[in-house]
Every structure is written in C-alpha cells, then in structure tokens.
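In what follows, every heavy atom counts, from backbone to side chain, and hydrogens, waters and symmetry copies are set aside. Being a predicted model, the structure only gives us computed values, none of them experimental.
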Number of protein chains: 2
Amino acid sequence: MNDIKQFLRSNALRPTKQRIVIAGYLFDGTDKHVTAESLSTELAKRKHIISLATIYNTLHDFYENGLLKKLTLSADRVYFDTNTDDHHHFYSEKEQFLIDINKNIKVNGLPKTPRNKKINKIEVIVHLDK
Amino acid sequence: MNDIKQFLRSNALRPTKQRIVIAGYLFDGTDKHVTAESLSTELAKRKHIISLATIYNTLHDFYENGLLKKLTLSADRVYFDTNTDDHHHFYSEKEQFLIDINKNIKVNGLPKTPRNKKINKIEVIVHLDK
DNA sequence: TATCAGTTTAGAATGATTCTAAAGTGTTGA
DNA sequence: TCAACACTTTAGAATCATTCTAAACTGATA
Ligand SMILES: [Mn+2]
Ligand SMILES: [Mn+2]
Ligand SMILES: [Zn+2]
Ligand SMILES: [Zn+2]
C-alpha cells in the first residue's frame, strides 16, 4: 500500500484512491490482460466502484508511463497487458482466449525494412481454433 | 465486366450494380488494403456513389466468401485485404503505412500449442517508426 | 412478364471510447 | 496547519465506426 504509493509517485502519478486500487489489482505479481470493461467488473467484485472514465484515464496514464502494453487483437476492444517484457500471444477471438508466449521467438526471413523506416516492434499473434 | 459477373456468380453472389463496381475496383489485379471509408472515398472519386451500408455489406459478403482477408491492426478501423495468400505486414499506425510481406517468413521457437486448441493462423506484424 | 428471394438504402441504434466542465483531492510552501 | 492550486475524478454528453431496421428495389426464374 505504501509500496504502491511510492510506486505511483516514482512514475510521476499522484497516488489517488482510485489509482492505488487499480495499481493494487493490476500489479499484484501475476500477469494480466484487461479491458476497461473487464477491469471495471473485477474491481466491482472487490467492492471498488470506480467510474469508467477514471478507468480509461488510469489505463492510459499507466500505458503512457510504460507500466502497461496495449494490444490490438480485435477491432472492438483494447486490451492492456501488465506484462511489459517483449513477448507474444496465443489468441482466440471467439473464445476470449489470450495467453502470453514468453519463450523467445525468432522471426526469420523478413525482407529488408522499407526505406527511411525503422522497426519498432515485431508482434506475433498465434490465432487459435478450438 | 462479364468476367466480373461470372466471378461474382461463381461465388454465389448476385452480380448487382454495386457489387460489380466494388469488385471491379478491388480485384483489378493490384493488391489493396481498404477500409469501408477509404473504399467509399475511392469509389466516389470514380463517380460511383454507393451507400456505406452497402459497402459494409459487400465487404463482409466478400470476406465470408474468402475473397478478402480481414486485418485488425488498430482498434478503430477494420482493414480488408485483397491479397488472400498467407502473408504478413509492415505497419505504421501513425503514418497509415501498410504493406505486404510476401516473402516466406518462418517463426521459430513457439511453445507447444495449448491443450485442445489448434493453430489457425500465425500473424506477424512488423511495426515501423519513421 | 409476374413473382419472389436477395439486395440496397436512409436513418436509427449500438457500443467502446473520448470529451466536457464542474466538483473533489493531493501537494506544497508559508 | 492550511490556503491555494494544479491535478484528478466523475456524470453525462459527444463521437464515430459499425450494425441494424424496415421499406423500396432488382436480379433470377419460369
Ligand atoms: Mn499478455
Ligand atoms: Mn467501436
Ligand atoms: Zn501479454
Ligand atoms: Zn496484405
């Protein structure tokens, strides 16, 4: 709790009640993938009612400070990922199935990068079926 | 034009005026990535005004018949791809830059597929910066 | 050419996300 | 300690891509 406050301060974020609750949930040591909606639901289960606007604000604040990654897997919701290491995903849209691939993956045979551009990140999504 | 009609018929799609125009534009031999909006704009330039509802309907009809691929690269619009071969992409969200990687890419070091699931498709997105 | 299933369309609805602006709160310097 | 203020939260409105509705239209068929 004081660790969380320090953690927030060290990221130039005021430790408000809401941010403390959200950070406490997100950064509890287990990797998580959340959407604004799923986060709201989880917090509500724990009797922490925080407005959706604040949940969106906070996810973005954390993202902008590098505490979360953003995943675009489906067109109709954004996932935030507490695992900020370089990693990839198994994903099944139909089944809402999303898990990390933390093993080192190598992508071979890439053509040369287009002129005047530079690779920012290589993202591998392994789409699964039942 | 009659080729297009035949092409549509052979995919169990009635060759309506609108579908003929859209297919004529999309399947002209050059690979394209379009959104509903960009397609509407391109057709308008060519003096073909087709309602957005029909553009969405048609893109989905074509997609469902395997004539297009769907790409989820950004959370706020869906791209359709006329290149239906297995392939990957260079992408820059900021610059609206999206091009095919047709070269064979190999992804090595994948962990084993989760139990009772099967790999449907492996998608590699190379995110670019300026 | 009549019939009908399939198609198109305007406009309304949806739903995730963002915006607005007013009220609340953490920080800080005196 | 506390006033002052910048930062934050929030309800509710707005946005915007996409989907839906239901009425008019049209391609296929006999
Ligand atoms: Mn993850
Ligand atoms: Mn949406
Ligand atoms: Zn992850
Ligand atoms: Zn492509």
Look at [X] and [N] and indicate whether a side-chain polar atom (N or O) is within less than 4.0 Å of OP1 or OP2.
{"X": "A:Arg9", "N": "C:dG26", "value": "no"}
{"X": "B:Gln18", "N": "D:dT26", "value": "no"}
{"X": "A:Lys17", "N": "C:dG26", "value": "yes"}
{"X": "B:Tyr56", "N": "D:dT18", "value": "yes"}

Return yes if a side-chain donor-acceptor contact under 3.5 Å exists between [X] and [Y], otherwise no.
{"X": "A:His87", "Y": "A:Asn102", "answer": "no"}
{"X": "B:Asn83", "Y": "B:His33", "answer": "no"}
{"X": "A:Thr72", "Y": "A:Lys70", "answer": "no"}

What is the distance, to the nearest angstrom, from the [atom1] atom on [X] to the [atom2] atom on [N]?
{"X": "A:Leu52", "N": "D:dT8", "atom1": "CG", "atom2": "P", "result": "19 Å"}
{"X": "B:Ile49", "N": "C:dA10", "atom1": "CD1", "atom2": "P", "result": "11 Å"}
{"X": "B:Leu71", "N": "D:dA17", "atom1": "CG", "atom2": "P", "result": "18 Å"}
{"X": "A:Asp76", "N": "D:dC16", "atom1": "CG", "atom2": "C1'", "result": "14 Å"}
{"X": "A:Arg19", "N": "C:dT27", "atom1": "CZ", "atom2": "C1'", "result": "13 Å"}
{"X": "A:Ile20", "N": "D:dT8", "atom1": "CD1", "atom2": "P", "result": "13 Å"}
{"X": "A:Leu59", "N": "D:dT9", "atom1": "CG", "atom2": "P", "result": "12 Å"}
{"X": "B:Leu8", "N": "C:dT7", "atom1": "CG", "atom2": "P", "result": "11 Å"}

Report the nucleotide, chosen from [options], that has the shortest atom-to-atom distance to any side-chain atom of [X].
{"X": "A:Thr16", "options": "D:dG12, D:dT9, C:dT17", "answer": "D:dT9"}
{"X": "A:Pro15", "options": "C:dA10, C:dT27, D:dA11", "answer": "C:dT27"}
{"X": "A:Arg14", "options": "C:dT17, D:dG27, D:dC7", "answer": "D:dC7"}

Next item on the list: Measure the spacing between OH of B:Tyr25 and CG of B:Leu43 and express it to the nearest 0.5 Å.
Entry: 7.0 Å

Note to self: Please classify the nucleic acid contact of A:Thr54 as base, sugar-phosphate, or nothing, using heavy-atom distances under 4.0 Å.
What the structure shows: base

Next item on the list: For A:Arg77, answer base if it contacts any base atom (sugar-phosphate contacts may also be present), sugar-phosphate if it contacts only those atoms, and nothing otherwise; contact means non-hydrogen atoms under 4.0 Å.
Entry: sugar-phosphate

Checklist line | Whichever of A:Asp61 and B:His60 has its nearest DNA chain D nucleotide further upstream toward 5' | finding: A:Asp61

Checklist line | A:Asn57 or B:Ile55, whichever maps to the more 5' nucleotide of DNA chain C | finding: B:Ile55

Next item on the list: Tell me whether the centres of the aromatic rings in B:Phe80 and B:His60 are closer together than 6.0 Å.
Entry: yes

